[in-house]
Amino acid sequence: MIGWCGSVRKPLIEGNSMTVKVKFFASLKEQMGCDGATVEIGEVATAADIWLQASGGKALPPNVLVAVNMEYTDQNHAVKSGDEVAFFPPVTGG
Amino acid sequence: MIGWCGSVRKPLIEGNSMTVKVKFFASLKEQMGCDGATVEIGEVATAADIWLQASGGKALPPNVLVAVNMEYTDQNHAVKSGDEVAFFPPVTGG
Amino acid sequence: MKIVVDTTPLSPWEALAEYEREVVAPAHPGRYGAAATFVGTMRDFNEGDAVQGMFLEHYPGMTEKQLGLIADEAFGQWSLLDGLLLHRVGELKPSEPIVVVAVWSAHRKDAFEACRFIMEALKSRAPFWKREELHSGSRWVEKNSEGY
Amino acid sequence: MKIVVDTTPLSPWEALAEYEREVVAPAHPGRYGAAATFVGTMRDFNEGDAVQGMFLEHYPGMTEKQLGLIADEAFGQWSLLDGLLLHRVGELKPSEPIVVVAVWSAHRKDAFEACRFIMEALKSRAPFWKREELHSGSRWVEKNSEGY
């Protein structure tokens, strides 16, 4: 069973911050070693920033899909506090 | 119930003849007043000749489909003795 | 592929379940990943008119022969494991199933394409004719709707 | 349109019979002339390897949301009366059904096209992931086969 990565906090520049919930699925969950994390980050951040912080600085693999609040988007999408940001490999259902 | 038209015999030119079985279906059966006929005709005949004789000289309606021995063909197909020649309207199954 | 043209009322889903369980699964265990099916049912309206009943005429012998040729073409064109084709004839009432087409294959592309092909070929080449019973009398259906 | 994502084993034909009888027929009596369906079943081989089992992961919440969006698109694009979409998750064995897609409409063109559209959209957009159990261990399926 793969668990929660816990909270990942980045030193804040101006004291403002937001918290987002990160989720990983399938092979990405195994690669990351957890199924998600709570990320605290500065006021302006993209999905790619969230990935960087949650992954401890790993590059975002090119085929990874990004969803914010359960809708597909891309890594340049600006996230806001309370968002759920998910990263997962190409889907293979059906 | 629409029955069999019986035998339709054409005066033969040289004494040679062949016999074919003619079938009509659906609206054509109603127009012809019977579901088929036995046609005796000279040695060389096309499906169109068979129609002419079986129908008593009516023109072959342009959308009528022609089958010889249960395979689709056209009105110029040469029939031989013993063939089953069918005429029917566009199909509407399924 | 099993092909049946009959006056017996159809139970499409029961027939599909039975054929898959009794024929497809034993012959191809673990091999079929896809089944595409089509069920055609008699409506109570057509071309703006209420339809109370239908008579489905066919050409015994030729109908089965043409359906067999259509099945052969499908098996030649796609990679298929098995199929089922059931067509009702005789007197029908609205809401009664008319036709069932089913195809089993390893991959979905083959099943989807072959099922639709068989259905469209049946519509254009298999000798069946529908006569509809209306309030005002009966009429022969003159042509099928477009499938593509 | 009913959409269910669940770990309960599927009985596709029984589910289709029941949904048509209990939901489609009462709501649209005499109105549906066409039902197109697709059933995806787990094979015991993939990419040349014997597969003994499968785990199907999904993203609870997003999976249902994406399937709902796909259904909405289908109902916007074609003239449909009803639909049924069932998808299995969790542990599966070969020969077990994975997915059922069904669409009911007045005319066959809509049913055929919408059924295939929903299935292909599901394959490319619904968050499900397959992990196959092989003799040599397990592997995540990396991508789906082409549907067109």
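Below, chains carry the letters A, B, ... as their sequence lines are ordered, and counting in each starts from 1. Fair warning: this is a prediction, and the values are worked out from it, not measured in the lab.
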Per-residue contacts, residues 62-83 of chain C versus chain B, heavy atoms under 4.5 Å: Met62(C), Lys65(C), Gln66(C)
Heavy-atom closest pair, residues Trp129(C) and Pro89(B): NE1-O, 2.9 Å
Asn144(C) versus Val91(B), closest heavy-atom pair with distance: ND2-O, 3.6 Å
Segment of Ser124(C) engaging chain B (4.5 angstrom heavy-atom cut-off): backbone
Structural part of Asn69(B) lying under 4.5 Å from a heavy atom of chain C: backbone
Distance (rounded to the nearest 0.5 Å) between Ser27(B) OG and Glu142(C) CD: 7.5 Å
Interface moiety of Arg125(C) toward chain B, non-hydrogen atoms closer than 4.5 Å: both
Within residues 10-26 of chain C, residues adjacent to chain B where the heavy-atom gap is under 4.5 Å: none
Heavy-atom closest contact (Phe25(B) atom, His58(C) atom, distance): CE2-O, 3.7 Å
Which portion of Met42(C) sits near chain B, non-hydrogen atoms under 4.5 angstrom: neither
Lys2(C) atom NZ: more than 12 heavy-atom contacts under 6.0 Å: no
Spatial distance of atom NZ (Lys23(B)) from atom OH (Tyr59(C)) [nearest 0.5 Å]: 5.0 Å
Lys130(C) side chain to Gly94(B) backbone, donor-acceptor under 3.5 Å: yes
Contact listing (chain C partner; residues 79-88 of chain B; heavy atom under 4.5 Å): Glu84(B), Ala86(B), Phe88(B)
Residue Glu30(B) versus chain C: region with a heavy atom under 4.5 Å: side chain
Worked check of side chain to side chain contact (heavy atoms under 4.5 Å, CB included) between Thr92(B) and Phe128(C): CA-CA 6 Å; Thr92(B) 55; Phe128(C) 292 104; 5.9 Å; no
Which residues share a ring pair (Phe, Tyr, Trp, His ring centres under 6.0 Å) with Trp140(C), sequence neighbours left out: none
Closest-packed option against chain B by number of heavy-atom pairs under 4.5 Å, given Ser145(C), Ala126(C), Gly40(C): Ala126(C)
